[in-house]
Amino acid sequence: MKKKDRKTKKQGKIQEKKLVKELSQEWDSSLVKESRQNWTSYSESKQAEILAECEAIFAELAEFQDKGVDSPEVKELLVRWHQFLQHFYEPSLEVLRGLGFVYADDQRFREKFASIDPHLPDFLKAAINSYVDELENIWLQEQYEVLEHTNEL
């Protein structure tokens, strides 16, 4: 390995440690740890595949903004996004909703998504919020059905 390559690799590890520390302070540290463990367990080709899927999801979401946050196309993409996140950790509804806010309100994420489309950060926030509302409604309906069934016994 060339000296320049070693230096670049070392700088990458330093940046990664800083990011992990920052994320652990902002988010549940067990989620950050789980995410990091899962990510490092993947081969380089699997990591590239996962990142490509992520890029495709956000590019497609940008394309479908005009359909609206509740459109079948957007909902399907948000299901893919949810499944993408499961490569790292199992996100709660609270975490999913929080990511929508982070994508729009955290300057780093906002810039990243605005580079795809200037309206994408706010669209993501609204679309994810709608998606989580729907998941919550499904969960509540399931709970009501359980309670009704319990009362029938």
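Along the sequence shown, the residues carry numbers beginning at 1. All figures in this text were calculated on a predicted structure; none of them were measured in a lab. Worth knowing before you read on, the calculation uses all heavy atoms, side chains too, and leaves out hydrogens, waters and symmetry mates.
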Report task. Give, for atom CG of L78 and atom OG of S71, the distance between the pair rounded to the nearest 0.5 Å. Result -> 9.0 Å
**Report entry** Candidate pair L85 and L99, rule side chain to side chain contact (heavy atoms under 4.5 Å, CB included), full reasoning
**Finding:** CA-CA 11 Å; L85 291 174; L99 285 171; 3.6 Å; yes
Query - Any W39 side-chain heavy atom under 4.5 Å of Q47 side chain - result: yes
Query raised in the report: So, does Q65 use its side chain to make a donor-acceptor pair with the main chain of A62 at under 3.5 Å?
Result: yes
Query - Spacing of E94 atom CD and E136 atom CD [to the nearest 0.5 Å] - result: 10.0 Å
Report summary line: Closest non-hydrogen atoms of A114 and P121, given as atom of the first, atom of the second and distance, are N-CG, 3.7 Å
Query raised in the report: Under the side-chain hydrogen bond (donor to acceptor under 3.5 Å, both in side chains) test, which residues partner E142, sequence neighbours left out?
Result: none
**Report entry** Distance in Å, F88 CZ paired with I50 CD1, rounded so as to fall on 0.5 Å steps
**Finding:** 5.5 Å
Which donor-acceptor pairs under 3.5 Å do the side chains of residues 125-132 make with protein atoms, sequence neighbours left out?
unit_1 : atom_1 : unit_2 : atom_2 : d
K125   : NZ     : D105   : OD2    : 3.4
N129   : OD1    : R97    : NH1    : 2.2
S130   : OG     : D70    : OD1    : 2.3
Y131   : OH     : H82    : ND1    : 2.8

Report summary line: OG (S35) and OH (Y89) are apart, to the nearest 0.5 Å, by 6.5 Å
Report summary line: Those residues at least two apart in sequence (or on a different chain) that pass side-chain contact (heavy atoms from CB on, under 4.5 Å) with S43 are S45, K46
Requested in this report: Return the set of residues passing side-chain contact (heavy atoms from CB on, under 4.5 Å) with E76 (not counting sequence neighbours), or none when no residue passes.
Outcome: none
Report summary line: Residues passing the side-chain hydrogen bond (donor to acceptor under 3.5 Å, both in side chains) test with E44, sequence neighbours excluded, are none
Requested in this report: Mind checking side-chain hydrogen bond (donor to acceptor under 3.5 Å, both in side chains) for E134 and listing every partner two or more places apart, or none if nothing turns up?
Outcome: K75
Report task. Please list, chain by chain and in numerical order, all residues satisfying side-chain hydrogen bond (donor to acceptor under 3.5 Å, both in side chains) with E90, sequence neighbours excluded. Result -> Q86
Query raised in the report: If you measure from CD on E111 to CD1 on I116, what distance do you get to the nearest 0.5 Å?
Result: 13.0 Å
Query raised in the report: How close do I57 and L77 get, heavy atom to heavy atom, and via which atoms?
Result: CG2-O, 3.9 Å
Query raised in the report: With sequence neighbours excluded, what pairs up with F101 under the ring pair (Phe, Tyr, Trp, His ring centres under 6.0 Å) test?
Result: none
Query raised in the report: Any side chain to side chain donor-acceptor pair (under 3.5 Å) pairs touching residues 54-63, not counting sequence neighbours?
Result: E60-R80
Requested in this report: List, by chain and then residue number, the residues other than Y144 in its hydrophobic cluster (Ile/Leu/Val/Met/Phe/Trp/Tyr, side-chain heavy atoms under 4.5 Å); write none if there are no others.
Outcome: W139, L140
**Report entry** S41 versus N38, closest heavy-atom pair with distance
**Finding:** OG-O, 2.6 Å
**Report entry** Worked check of side chain to side chain contact (heavy atoms under 4.5 Å, CB included) between H87 and Y42
**Finding:** CA-CA 9 Å; H87 288 291; Y42 300 130; 3.7 Å; yes
Query raised in the report: Applying ring-ring contact (aromatic ring centres under 6.0 Å, His included), which residue pairs with at least one partner in residues 106-129 are found, sequence neighbours left out?
Result: F58-F113, Y103-F109, Y103-F113
